Amino acid sequence: MDVMETIKQQVENNTIILYMKGSPQQPQCGFSSQASQAVMSCGERFAFVNILEHPDIRATLPSYSNWPTFPQLFIKGELVGGCDIVMELHEQGELQTMIKDAAAESAE
């Protein structure tokens with residue numbers, strides 16, 4: 001399976017997925033740390049991919065998402081954005097609503 005297909009399956013098969021440097025418990029950059037903390041604070045389970053362990057995904061994801069930087073948050077198959085957008089949504093209380101709604105839909 002090619003890398004683009006792998007990414008497509010990850011995004012489609014995980015309601016909430018964060019592509020980041022490191023893991024939520026051990027982020028490897030400040031932006032990934034901020035984004036993962038914001039997502040974790042919403043209290044729902046989410047998938048993550050450590051792009052440092054998957055250089056092929058790291059190289060291909062910007063082409064898939066048309067977004068050049070990491071982290072990248074996808075909810076219900078749609079790119080939400082990177083750290084700045086995630087943090088802005090979190091501060092406005094919108095991220096929690098988006099994540100709670102997505103988690104509730106996937107549980108049905």
Side-chain angles (χ1 to χ4, degrees):
M1 179 183 319
D2 78 337
V3 180
M4 198 67 91
E5 187 61 31
T6 298
I7 293 168
K8 184 175 188 265
Q9 282 190 352
Q10 289 172 338
V11 168
E12 290 176 353
N13 293 336
N14 293 285
T15 305
I16 304 158
I17 186 166
L18 181 65
Y19 290 89
M20 63 181 291
K21 294 178 180 176
S23 69
Q25 292 72 31
Q26 291 189 310
Q28 298 294 305
C29 86
F31 297 120
S32 289
S33 177
Q34 289 178 9
S36 63
Q37 290 295 321
V39 174
M40 284 191 298
S41 75
C42 296
E44 298 294 339
R45 293 175 54 102
F46 66 97
F48 74 91
V49 175
N50 178 353
I51 60 162
L52 299 177
E53 293 179 350
H54 301 281
D56 52 342
I57 291 176
R58 182 181 188 175
T60 307
L61 187 62
S63 297
Y64 176 87
S65 63
N66 201 25
W67 192 267
T69 60
F70 296 96
Q72 293 185 21
L73 176 64
F74 288 80
I75 298 177
K76 297 187 332 190
E78 298 291 323
L79 175 68
V80 174
C83 181
D84 291 347
I85 292 170
V86 169
M87 294 311 295
E88 185 177 315
L89 290 169
H90 176 66
E91 289 163 13
Q92 295 170 350
E94 292 178 39
L95 183 66
Q96 182 161 7
T97 301
M98 293 168 69
I99 286 178
K100 293 278 187 198
D101 290 350
E105 284 179 31
S106 71
E108 291 176 358

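All heavy atoms count here, side chains included; hydrogens, waters and symmetry mates do not. Since this is a predicted model, take the numbers as computed values, not measurements.
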Next on the checklist: Show, in sequence, the C-alpha distance, side-chain angles and deciding distance for Leu73 and Leu95, and conclude whether the side-chain contact (heavy atoms from CB on, under 4.5 Å) test is met.
Outcome noted: CA-CA 11 Å; Leu73 176 64; Leu95 183 66; 3.9 Å; yes
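Sorted by first then second residue, the salt bridge (Lys or Arg N to Asp or Glu O under 4.0 Å) pairs that include residues 23-40, not counting sequence neighbours, number zero. Pairs engaging residues 25-40 under the salt bridge (Lys or Arg N to Asp or Glu O under 4.0 Å) rule: none recorded [sequence neighbours left out]. Sorted pairs that involve residues 26-42 and meet salt bridge (Lys or Arg N to Asp or Glu O under 4.0 Å), not counting sequence neighbours, are lacking altogether. For the ring pair (Phe, Tyr, Trp, His ring centres under 6.0 Å) condition, no pair includes a residue of residues 80-108, sequence neighbours left out.
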Please output the side-chain donor-acceptor pairs of residues 74-88 that fall under 3.5 Å, not counting sequence neighbours, one pair per line with the distance.
{"unit_1": "Lys76", "atom_1": "NZ", "unit_2": "Glu105", "atom_2": "OE1", "d": "3.2"}
{"unit_1": "Lys76", "atom_1": "NZ", "unit_2": "Glu105", "atom_2": "OE2", "d": "3.3"}

Sequence neighbours left out, cut at 3.5 Å: what donor-acceptor pairs do the side chains of residues 37-55 make with other protein atoms?
{"unit_1": "Ser41", "atom_1": "OG", "unit_2": "Ala38", "atom_2": "O", "d": "2.7"}
{"unit_1": "Glu44", "atom_1": "OE2", "unit_2": "Lys100", "atom_2": "NZ", "d": "3.3"}
{"unit_1": "Asn50", "atom_1": "OD1", "unit_2": "Gly22", "atom_2": "N", "d": "3.0"}
{"unit_1": "Asn50", "atom_1": "OD1", "unit_2": "Leu52", "atom_2": "N", "d": "2.9"}

Only pairs under 3.5 Å count here: list side-chain donor-acceptor contacts from residues 64-71, not counting sequence neighbours, and write none if there are none.
{"unit_1": "Ser65", "atom_1": "OG", "unit_2": "Leu61", "atom_2": "O", "d": "3.0"}
{"unit_1": "Ser65", "atom_1": "OG", "unit_2": "Trp67", "atom_2": "N", "d": "3.3"}
{"unit_1": "Ser65", "atom_1": "OG", "unit_2": "Gln72", "atom_2": "OE1", "d": "2.7"}
{"unit_1": "Ser65", "atom_1": "OG", "unit_2": "Gln72", "atom_2": "NE2", "d": "3.4"}
{"unit_1": "Trp67", "atom_1": "NE1", "unit_2": "Thr69", "atom_2": "OG1", "d": "3.3"}

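Listed by chain and number, the residues in a side-chain hydrogen bond (donor to acceptor under 3.5 Å, both in side chains) with Glu12 are Lys8 (sequence neighbours excluded). Residues satisfying the side-chain contact (heavy atoms from CB on, under 4.5 Å) criterion with Asp2, sequence neighbours excluded, are Met4, Glu5. In this structure, the side-chain hydrogen bond (donor to acceptor under 3.5 Å, both in side chains) partners of Gln10, at least two apart in sequence or on a different chain, are Tyr19.
Ser36 contributes a side-chain N or O that, together with a main-chain N or O of Ser33, makes up a donor-acceptor pair within less than 3.5 Å.
Counting heavy-atom neighbours within 6.0 Å of Gln92 CD, excluding the residue itself, gives a total above 12.
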